[in-house]
Engineer: 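I have a structure here, written as structure tokens, and I will follow up with some questions on it.
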Amino acid sequence: MDKFTTLTGVAAPLHFINIDTDMIIPKDYLKTIKRTGLGKGLFAEMRYLDDGSENPDFVLNKPAYRHASILVAGDNFGCGSSREHAPWALLDYGIRCVISTSFADIFYNNCFNNGILPIRVDKEDLDKLFDDAERGENSRITIDLAAQEIHGPDGGVVHFDIDAERKEKLLNGLDDIGLTMVKQPEIATFEAAVAEERPWA
């Protein structure tokens, strides 16, 4: 997966709590196991009207936010079912970072495994970031993963915590399989030793 080091982009404000995975990607889009093409279904029930046209009131349909790469969202983002299609849809749309006060555990883990950075902040910092995100075309913020900092458009800085192992995986673009493959030389050495000592194994 792509490395995540720094990200500068438009932050879109999503003023909802308890955004579940069915809202992120409705069940109608779960017929594929491909990770591409799901961006069109992201938040489909909010993005589109009954006739299939865009809902002009939904934030990602507004001109300033059409190319947002960061979401600032309410509490408990990613709750509900464990569908991995949710981070796939976010990534396919172009979202590389979601900021909230809290995430459902399975969704949180799935984000790291798919190259998305979920950032937990406290309520006070989230309110500041919502204010930054509500500036339309001026809502560009920078995420510096190495420094664990979010830089706002006016120079304000929010620090965030992250597990050290997950941080290193994102910085190096490694999912769980990629992390295993880094150990390939040691694995090959072990396999050769076992084959010599126990050729029947």
Side-chain angles (χ1 to χ4, degrees), residues 1-14 16 18-48 52 54-55 58-62 65-74 76-100 102-120 133 141-146 150 160 162-163 165-184 187:
M1 64 187 187
D2 292 338
K3 295 180 180 181
F4 191 116
T5 52
T6 60
L7 171 67
T8 298
V10 170
L14 201 59
F16 299 97
N18 301 321
I19 292 286
D20 64 29
T21 52
D22 189 52
M23 295 170 72
I24 297 171
I25 184 70
K27 61 183 180 301
D28 297 345
Y29 295 88
L30 304 185
K31 299 172 184 176
T32 179
I33 57 171
K34 295 180 180 178
R35 300 186 183 202
T36 57
L38 290 170
K40 65 184 178 185
L42 181 68
F43 300 120
E45 293 179 356
M46 293 186 283
R47 274 173 72 194
Y48 306 113
E54 290 187 349
N55 175 4
F58 185 65
V59 62
L60 294 181
N61 290 335
K62 296 181 178 180
Y65 298 108
R66 283 188 178 274
H67 301 290
S69 56
I70 301 161
L71 283 182
V72 180
N76 197 29
F77 191 90
C79 57
S81 70
S82 60
R83 65 187 68 169
E84 196 168 7
H85 290 69
W88 292 355
L90 287 164
L91 193 61
D92 192 58
Y93 182 87
I95 302 296
R96 290 295 312 274
C97 177
V98 182
I99 304 171
S100 180
S102 57
F103 296 90
D105 287 343
I106 294 175
F107 174 83
Y108 187 75
N109 293 331
N110 282 339
C111 280
F112 285 105
N113 287 330
N114 287 281
I116 296 173
L117 173 61
I119 297 177
R120 292 186 181 118
I141 65 176
T142 295
I143 313 293
D144 184 335
L145 178 55
I150 305 168
F160 62 90
I162 184 173
D163 175 78
E165 183 177 336
R166 285 173 165 160
K167 175 181 176 179
E168 287 304 310
K169 285 168 66 175
L170 278 179
L171 285 171
N172 292 290
L174 298 173
D175 58 12
D176 289 340
I177 294 173
L179 192 63
T180 300
M181 296 309 293
V182 169
K183 305 289 186 181
Q184 184 60 37
I187 294 170

Engineer: Quick check: does any side chain N or O of Arg47 sit under 3.5 Å from a backbone N or O of Leu42, one acting as donor and the other as acceptor?
Structural biologist: yes

Engineer: Between Phe43 and Phe58, what is the ring plane arrangement, given parallel below 30°, perpendicular above 60°, and tilted in between?
Structural biologist: tilted

Engineer: I'd like to know whether Leu171 forms a side-chain contact (heavy atoms from CB on, under 4.5 Å) with Thr5, so could you lay out the CA-CA distance, the side-chain angles of the two residues, the decisive distance to 0.1 Å, and finally the verdict.
Structural biologist: CA-CA 5 Å; Leu171 285 171; Thr5 52; 4.2 Å; yes

Engineer: Which heavy atom of Leu145 sits nearest a heavy atom of Phe4, and at what distance?
Structural biologist: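 Between these two residues, the closest heavy atoms are CD2-O, 3.3 Å.
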
Engineer: Is any side-chain heavy atom of Phe107 closer than 4.5 Å to one of Leu90?
Structural biologist: yes

Engineer: Do side-chain atoms of Arg120 reach the backbone of Phe160 as a donor and acceptor pair under 3.5 angstrom?
Structural biologist: no

Engineer: Give me the one residue out of Ile116, Val98, Leu170 that meets side-chain contact (heavy atoms from CB on, under 4.5 Å) with Cys111.
Structural biologist: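 In the set Ile116, Val98, Leu170, the residue that makes a side-chain contact (heavy atoms from CB on, under 4.5 Å) with Cys111 is Ile116.
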
Engineer: Do Thr6 and Thr8 make a side-chain contact, defined as non-hydrogen atoms from C-beta onward lying under 4.5 Å apart?
Structural biologist: no

Engineer: Rounded to the nearest 0.5 Å, how far does OG of Ser82 lie from CG of Asn109?
Structural biologist: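 Those atoms lie 11.0 Å apart.
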
Engineer: Once you round to the nearest 0.5 Å, how far does CG of Asn61 lie from CE of Met46?
Structural biologist: 10.5 Å

Engineer: Tell me the closest heavy-atom pair linking Ala12 and Ala68, and the distance in Å.
Structural biologist: CB-CB, 3.8 Å

Engineer: Are Arg96 and Leu91 close enough, and set up right, to give a side-chain contact (heavy atoms from CB on, under 4.5 Å), and what steps lead you there?
Structural biologist: CA-CA 6 Å; Arg96 290 295 312 274; Leu91 193 61; 3.4 Å; yes

Engineer: Can you tell me if Leu30 has over 12 outside heavy atoms packed within less than 6.0 Å of its CG?
Structural biologist: yes

Engineer: Could you walk me through whether Asp20 and Phe77 pass side-chain contact (heavy atoms from CB on, under 4.5 Å), step by step?
Structural biologist: CA-CA 6 Å; Asp20 64 29; Phe77 191 90; over 6 Å; no

Engineer: Who passes side-chain hydrogen bond (donor to acceptor under 3.5 Å, both in side chains) against Arg83, sequence neighbours left out?
Structural biologist: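 Scan of Arg83 (side-chain hydrogen bond (donor to acceptor under 3.5 Å, both in side chains), adjacent residues dropped) gives Asp22, Ser81.
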
Engineer: To check you understand the geometry: which heavy-atom pair defines the closest contact between Leu38 and Lys34, and what is its length?
Structural biologist: CD1-O, 3.8 Å

Engineer: Identify the heavy atoms of Cys79 and Ala104 that sit nearest to each other, and give their distance.
Structural biologist: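 Taking every non-hydrogen atom into account, CA-CB, 3.5 Å.
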
Engineer: Provide the closest heavy-atom pair for Ala11 versus Tyr65 in the form atom of the first, atom of the second, distance.
Structural biologist: O-CE2, 3.3 Å

Engineer: Should Met1 and Asn113 count as side-chain neighbours, where that means a heavy-atom distance under 4.5 Å?
Structural biologist: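 Not touching, per the 4.5 Å side-chain cut-off.
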
Engineer: What pairs of residues pass the side-chain hydrogen bond (donor to acceptor under 3.5 Å, both in side chains) test when at least one of them lies in residues 84-93, not counting sequence neighbours?
Structural biologist: Glu84-Asn114, Trp88-Asn114

Engineer: Give a yes or no on whether the backbone of Gly78 and the side-chain of Thr21 come within a donor-acceptor separation of less than 3.5 Å.
Structural biologist: no

Engineer: If I take atom NE2 from residue His67 and atom CG from residue Leu60, how far apart are they, to the nearest 0.5 angstrom?
Structural biologist: 11.0 Å

Engineer: Could you tell me if the side chain of Ser102 sits less than 4.5 Å from the side chain of Tyr108, heavy atoms only?
Structural biologist: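 With C-beta onward as the side chain, the pair stays apart.
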
